Amino acid sequence: MDRQSVLPFSRKGVGAVAVTPIATLVLAGSASAQDGASQISAGDTAWVLASAALVMLMTPGLGLFYAGMVRRKNALATILQSFIMVGVIGIQWVVYGYSLAFAPGNAFIGGLSWLGLRGVGQEAGPYSDTIPHLAFMIYQAMFAIITPALITGAFAERMRFKAFLIFMLLWATIVYDPVAHWVWGKGGWLGAMGALDFAGGTVVHICSGVAALCCALMLGRRHGYGRDEMMPHGIWMTVVGAALLWFGWFGFNAGSALGANGLAANAFVVTNTAAASAALSWMFFEWLHRGKPTALGAASGAVAGLVAITPAAGFVGPMAAIAIGAIVGVLCYLAIMAKSRLGYDDSLDVFGVHGVGGTWGAIATGLFASTAINSAGANGIFFGNAALLGKQVVAILAVFAYSFVVTAILLKITGLISPLRVTKDDEETGLDLSQHGEVAYNL
Amino acid sequence: MDRQSVLPFSRKGVGAVAVTPIATLVLAGSASAQDGASQISAGDTAWVLASAALVMLMTPGLGLFYAGMVRRKNALATILQSFIMVGVIGIQWVVYGYSLAFAPGNAFIGGLSWLGLRGVGQEAGPYSDTIPHLAFMIYQAMFAIITPALITGAFAERMRFKAFLIFMLLWATIVYDPVAHWVWGKGGWLGAMGALDFAGGTVVHICSGVAALCCALMLGRRHGYGRDEMMPHGIWMTVVGAALLWFGWFGFNAGSALGANGLAANAFVVTNTAAASAALSWMFFEWLHRGKPTALGAASGAVAGLVAITPAAGFVGPMAAIAIGAIVGVLCYLAIMAKSRLGYDDSLDVFGVHGVGGTWGAIATGLFASTAINSAGANGIFFGNAALLGKQVVAILAVFAYSFVVTAILLKITGLISPLRVTKDDEETGLDLSQHGEVAYNL
Amino acid sequence: MDRQSVLPFSRKGVGAVAVTPIATLVLAGSASAQDGASQISAGDTAWVLASAALVMLMTPGLGLFYAGMVRRKNALATILQSFIMVGVIGIQWVVYGYSLAFAPGNAFIGGLSWLGLRGVGQEAGPYSDTIPHLAFMIYQAMFAIITPALITGAFAERMRFKAFLIFMLLWATIVYDPVAHWVWGKGGWLGAMGALDFAGGTVVHICSGVAALCCALMLGRRHGYGRDEMMPHGIWMTVVGAALLWFGWFGFNAGSALGANGLAANAFVVTNTAAASAALSWMFFEWLHRGKPTALGAASGAVAGLVAITPAAGFVGPMAAIAIGAIVGVLCYLAIMAKSRLGYDDSLDVFGVHGVGGTWGAIATGLFASTAINSAGANGIFFGNAALLGKQVVAILAVFAYSFVVTAILLKITGLISPLRVTKDDEETGLDLSQHGEVAYNL
Amino acid sequence: MMKIEAIIRPSKLDDVKAALDEIGVAGMTVMHVMGCGKQRGRTQYYRGQEYTVNLLDKVKIEVVVPKDDAAPIVEAISKAASTGEIGDGKIFLSEVSGAVRIRTGEQGATALR
Amino acid sequence: MMKIEAIIRPSKLDDVKAALDEIGVAGMTVMHVMGCGKQRGRTQYYRGQEYTVNLLDKVKIEVVVPKDDAAPIVEAISKAASTGEIGDGKIFLSEVSGAVRIRTGEQGATALR
Amino acid sequence: MMKIEAIIRPSKLDDVKAALDEIGVAGMTVMHVMGCGKQRGRTQYYRGQEYTVNLLDKVKIEVVVPKDDAAPIVEAISKAASTGEIGDGKIFLSEVSGAVRIRTGEQGATALR
Ligand SMILES: Nc1ncnc2c1ncn2[C@@H]1O[C@H](COP(=O)(O)OP(=O)(O)O)[C@@H](O)[C@H]1O
Ligand SMILES: Nc1ncnc2c1ncn2[C@@H]1O[C@H](COP(=O)(O)OP(=O)(O)O)[C@@H](O)[C@H]1O
Ligand SMILES: Nc1ncnc2c1ncn2[C@@H]1O[C@H](COP(=O)(O)OP(=O)(O)O)[C@@H](O)[C@H]1O
């Protein structure tokens, strides 16, 4: 039968499937209910699939954002560190990551019942009634992919590729998957406590930002840091990367409504508004401080705004988004100024943007959230409920502590298998040639 | 409550919101009806949100399109002039721009009742029954953003960043917002008269193209214009920008159906067809004229085709789109040839492409429109109705006059606050270094 | 009436259309039924339109993917060869290509009844009940566009632009359109036989891959091949191109469900999974073989994985996708190694990736397909049905033979009209300057 | 024969080429270089860090000419490249002991014609 | 010691390098330059505007060698770089009065080995 | 006057500039070049093909100075650019017979100050 006769595909009873041994394996992830598909909403599914595609694009977009800020000799390696995450975590997630994060488990981690996507099928799953369980799974996959990719900015221009791969696989498994469960998994303790994180302020940004700080401290500075001029090799590329991130972030935040509805529209609006606000606030603040408004500042500010609105996107309105964005632009700028005083080399300011921005976003959710935006959310302090802020702080502290400590341990373990850094000579040559035997440009 | 328990979010009565003073502020834009959400179509909403994201991407895409055509020393500044519009108008629009353009008002301008998005909520608004009002608002925001960004091509490589920001904010407020109201706002006089503009031929393209001409005339030529070779520094980038514009334009035109339906499909089809046709016609015409088919010509032609089909997309069929595209490719090419005779320096040919192309599109709508495509539209001359063309001409003339005159005034006013142009020395150094203290490339 | 009063556009009876002569022409593609629109699903339409946009983006994405691999002097010409396909086939398709491929006809080719899109309107068509016929048409257009664009990698850096245009128009008409009919058209013999090709493994990838091989053989090697170092001028660009292809491929495969449903979600998931798996397998295999993991390898692997999963995407589950991807990464790498032994110059390995990858995908569909994934599909060998594999092999052989032979004939014919290759001098100068009078970079 | 090396502002390249054309110098070789000297660099800012880059974009022109032609050429370049502002650049002269035109094998001053 | 500067077509770089290799010249320095001379530039078109760019991509090779080795090297380059068409380029010779190998501090001709 | 041409590792440019600064050399011209010599290139891989690129990124510094200043400057560059590993580069010295400061028309050694 060709594709056409397939469509609109009528779901007759499937009948007896001839179960060869390999069939059992390859059917994992598909077998279960064929019925019950009726409550799936095509509109919601369309939006969540489109959102998953948008979030997927963010990871190579991040690669460009970062690559523009490194020196030419590391440009390709930097893009690759993001790009390859789509590969590594793309597999990790369907094999066991999704199960660890979202399958029924306890307060701290999911279970193994969805290993290899067993039971995760085309019908709706427990996390949404209106979209296929597979759609929810792949949408979440894109979050699991970008989170470790974010960390790569911290150790840019110096980490050995082999160690990088090992570390990232460990980190995704032992840091990301549990933390995602805490906040979003059924029964996860932070979610149960009532901490709000609409699209990943704690799970994605604080978690990766803190891990980045830990990496920067443990790997040490780049050779020549503070002496050589380490100027971005292509800021135009960073601006394009920021634009792709912004574009994809509509999927990240508005897709987190898991449907095409008013809440999604609200998340979309506040996402754009906070990014706009932070792009301006960073740019103007730098203009005041240094006398020039920079494109890198505008792009960095936009990303900071997107980070900050992430946990709040489904709970706050557009005027709150302006405030959240305006504040985060200045906050992150100051954090980065402080870094150069403190002397550690978080090369592309992952902690300064994602750690600080994510933390402010989580706090801001405790301030600005309103049940008028989302009746299933909670009110923040400005709406008379101080309790939420407390929960947000607990969530922040828990993720800070867990991510920092476990990242440190995982780096130590990785270091036993492979040196974390490339040799000094390789670092001087650049990662592109030394790690990958390639160059980004042959002009 | 965590995100999961939120979804599918049940809209219970919101209950008493504890209204602290700040709450009143930050809730603007969210408060109103929670009921009535039932008529929202998830499919339509999914399409309009996706379209809004697509249109958002057009602005940085435009930045690339333009940046490829300037000299290396101005590449970053050129991208930034587009990118920062997402910030500036992104805020302007939610604070007051949307209200000026779309809130209930008179024939010439909207009102102030939706200031700060008061009353613009998750339920459907007056402009569509099937999507959240916020979705319509943010979709329109993206049009308000790209329109001023289009103008930047006219004064590329020479405008002072400060003056640029001031001028753009004024222009968006005093030119774009009213004109959008005339055509699309409830009660706007051009709309009421029956002029057809499906997705912004007059509002976006004529309006910005004419303003661009005015800017080019008033700012004067670049130093060395006509003597130095001012060759595009990266045409590959211009082609990529054109591709992103083409991609985003599906949202621009097909999204203007405000739903995922047959009309959207028609708009999508004619958009692609006109772009294809104009890319070919420009390229072949240049091939005839100069002996070489160029990539820049194909890319420019595609954009010209997209411009021309914009007002017509919801009213004409695919064969008309071929004609509209084929003609606009030649028209714009000739207009640009004429420019070099006339001697003004519309650096990246904004008037030649958007002014001329938009005008042709508006006229073509008066020729090719058919109620067989859109029963709520009107017939054009080829379907026996000459009246429509008259209305189109009135709309064109009105927007030409208004945009030109007011742009001139606003430039004068801006000039009182800050010199419009950078110094000759700064122009020679390039805007990247002189205005922003950065360079696009450190290769 | 303005746009607003148009929306939600009520479809009243259209009434008497004043039929001037030109009206008959321009209305083709629009006239027919205004009723029956009721069964259109907004959700499905939203997804298919979004998918069409995504697939459109793949063609310029492919342009970047290819351009990064050529030398600087051919970069722009290479992008243009993809970009202009959106123009050429964009017109060919609406004028007659769609009719040839999909209009009612016989087992080998469609008819002429839909010339100029006559009868292809806003209501549902014969290929889907839930989306406008125009949406199906334009979605298919994007496949017709990218297929010839894929071939351009085979003769990169040496084909004359004029001959290229002629050849492509012939090829699309005489190779692509019939083959698409065989597999997907109503009554097409391969589809009727029961060969499965969800999203174009045979139609798009084998067909173009085999044509590419034929082109490489008939045009001969680039001057200096084997002697000069022909190193990729910008691998970063190739990685970005691969990322855009990956992003767009979600539309390619998941859109082929022609609706936003569980099957689309399944296709989306296996697409991502196979790409991830193949990116890793190619990279690790090269690492083993040469001692370095390369970014070009990861990007090439991702594309190979996307190719291989294309025919299978609606019939196999995620664990099968891992296997399909893992195998294709190694297979294509080996095929490319073999090429350098065989000595023909398929410059950018179109046959090695699309021919070999598409063939493996078609076979893999015969192995891993399961009616538990798609009850309207069929079971593969691992599910106890050997018959499917036989049909797949017939489809592969038929497309191999037809595409190879007819491509050869068409190249001969083209050669009668214009020399296929540029002169040696022009080749040395580069196509950008010699064919187009432009350069990609003026840095 | 003399080799004239002139380091000039990129924005003056067109003028210098025109001037050389006028006095009949048809052949030259041009390259992008970076110069540092008295001219102060523009400060650049990256996330609030200041970098004063004192390597500025310059263009270097090399012309090899018969000894006697050197003086007027230096003059012409000097005039065309001058703005009077710091950073106009330098011209250096040195002896060239041989020249070959690859195409024809011509040697010495004839190779330059 | 002599410095040999050869300005050649980019497409001839591989050939020239191979020729130098053959006669035992291992060290050289290569740079992208733009040349203008008798060879006519390709016309470029930007939105219908014509620009005849007469600065063409060339490659410059610099080799410093002991005086006596210069002649055969010039010969070799000349042969390898020649196509017989206008634009093949030039070779210039000039005296070098000193050479140092940074790594070892060796001076003069020994620094070149 | 002497022209000092130093071909060094790109990573040593900052050090060399600092060293020159210290001994009061303010003006210089710098360019990207590619060098080949004893230093082995890094192998590159493109779809499994091996390419050993023996043209490596180098930086060339040109300084024209009064004859007597040359020796200490060579010394300084040499010290700052050295790593002791193959590939540190070379310094060449040659005579310059004239210099002009375009801005002022100053000639000879005064043009260098
Ligand atoms: N001693 C030198 N040797 C080589 N090049 C020099 C020297 N001094 C200056 N230059 C070159 O000349 C350019 C202009 O010099 P600068 O001192 O800035 O201005 P001016 O020549 O107007 O005094 C420098 O950027 C550099 O490229
Ligand atoms: N007088 C010159 N001084 C320096 N470089 C020159 C001179 N004349 C020619 N060249 C260089 O040699 C190249 C080839 O010269 P051209 O006159 O075009 O061809 P041909 O050498 O075959 O006569 C030019 O592009 C330029 O780089
Ligand atoms: N004979 C030469 N003429 C010109 N440049 C040379 C010569 N020999 C070496 N070089 C330059 O010096 C650089 C370093 O030389 P190399 O032999 O690799 O190391 P080292 O100088 O440490 O022995 C080369 O990359 C090349 O740029």
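Please read all numbers here as calculations on a predicted model, not as lab measurements. Numbered from 1 within each chain, the chains take letters A, B, ... in sequence-line order.
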Part of B/D44 within contact of chain C (heavy atom distance under 4.5 Å): both
Heavy-atom pair with the smallest gap, counting every atom of B/L280 and C/G87: CD1-O, 3.7 Å
Short side-chain to backbone donor-acceptor contact, C/Q122 and B/A265, under 3.5 Å: no
Chain C contact via B/L443 - side chain, backbone, both or neither, heavy atoms under 4.5 Å: side chain
Contact origin within B/A50 toward chain C - heavy atom pairs under 4.5 Å: neither
Pick from C/L165, C/I138, C/V88, C/I131 with the largest number of heavy-atom pairs that fall under 4.5 Å of chain B: C/I138
Interface moiety of B/V240 toward chain C, non-hydrogen atoms closer than 4.5 Å: side chain
Between B/G297, B/G314, B/A295, the one whose heavy-atom pairs under 4.5 Å with chain C are most numerous: B/A295
B/A75, part contacting chain C, at a heavy-atom distance under 4.5 Å: neither
Closest non-hydrogen atom pair between C/A46 and B/G43, with its separation: CB-O, 3.6 Å
Residues of residues 244-251 of chain B within contact distance of chain C, non-hydrogen under 4.5 Å: B/L244, B/W246, B/F247, B/F250
Contact class of C/S434 relative to chain B, heavy atoms under 4.5 angstrom: backbone
Nearest non-hydrogen partners of B/N261 and C/T45, listed with the distance: N-CG2, 3.9 Å
Min side-chain heavy-atom separation B/V239-C/L76 under 4.5 Å: yes
Side-chain (B/H233) to main-chain (C/N442) donor-acceptor, under 3.5 angstrom: no
Residue C/I89 versus chain B: region with a heavy atom under 4.5 Å: neither
B/M283 versus chain C, the contacting section by heavy-atom distance below 4.5 Å: side chain
Part of C/I79 lying under 4.5 Å from any heavy atom of chain B: side chain
Flag side-chain contact, heavy atom, 4.5 Å: C/I91 against B/T273: yes
Worked verdict on C/M142 versus B/N272 for side-chain contact (heavy atoms from CB on, under 4.5 Å): CA-CA 10 Å; C/M142 301 310 174; B/N272 195 67; 3.6 Å; yes
B/K292 side chain vs C/E438 backbone, donor-acceptor pair below 3.5 Å: no
Ring center gap for B/W236 and C/F83 short of 6.0 angstrom: no
Any B/M319 side-chain heavy atom under 4.5 Å of C/V94 side chain: yes
Heavy-atom side-chain proximity of C/Y441 to B/Y441 below 4.5 angstrom: no
C/A52 to B/F268 - nearest heavy-atom pair and separation: CB-CZ, 3.6 Å
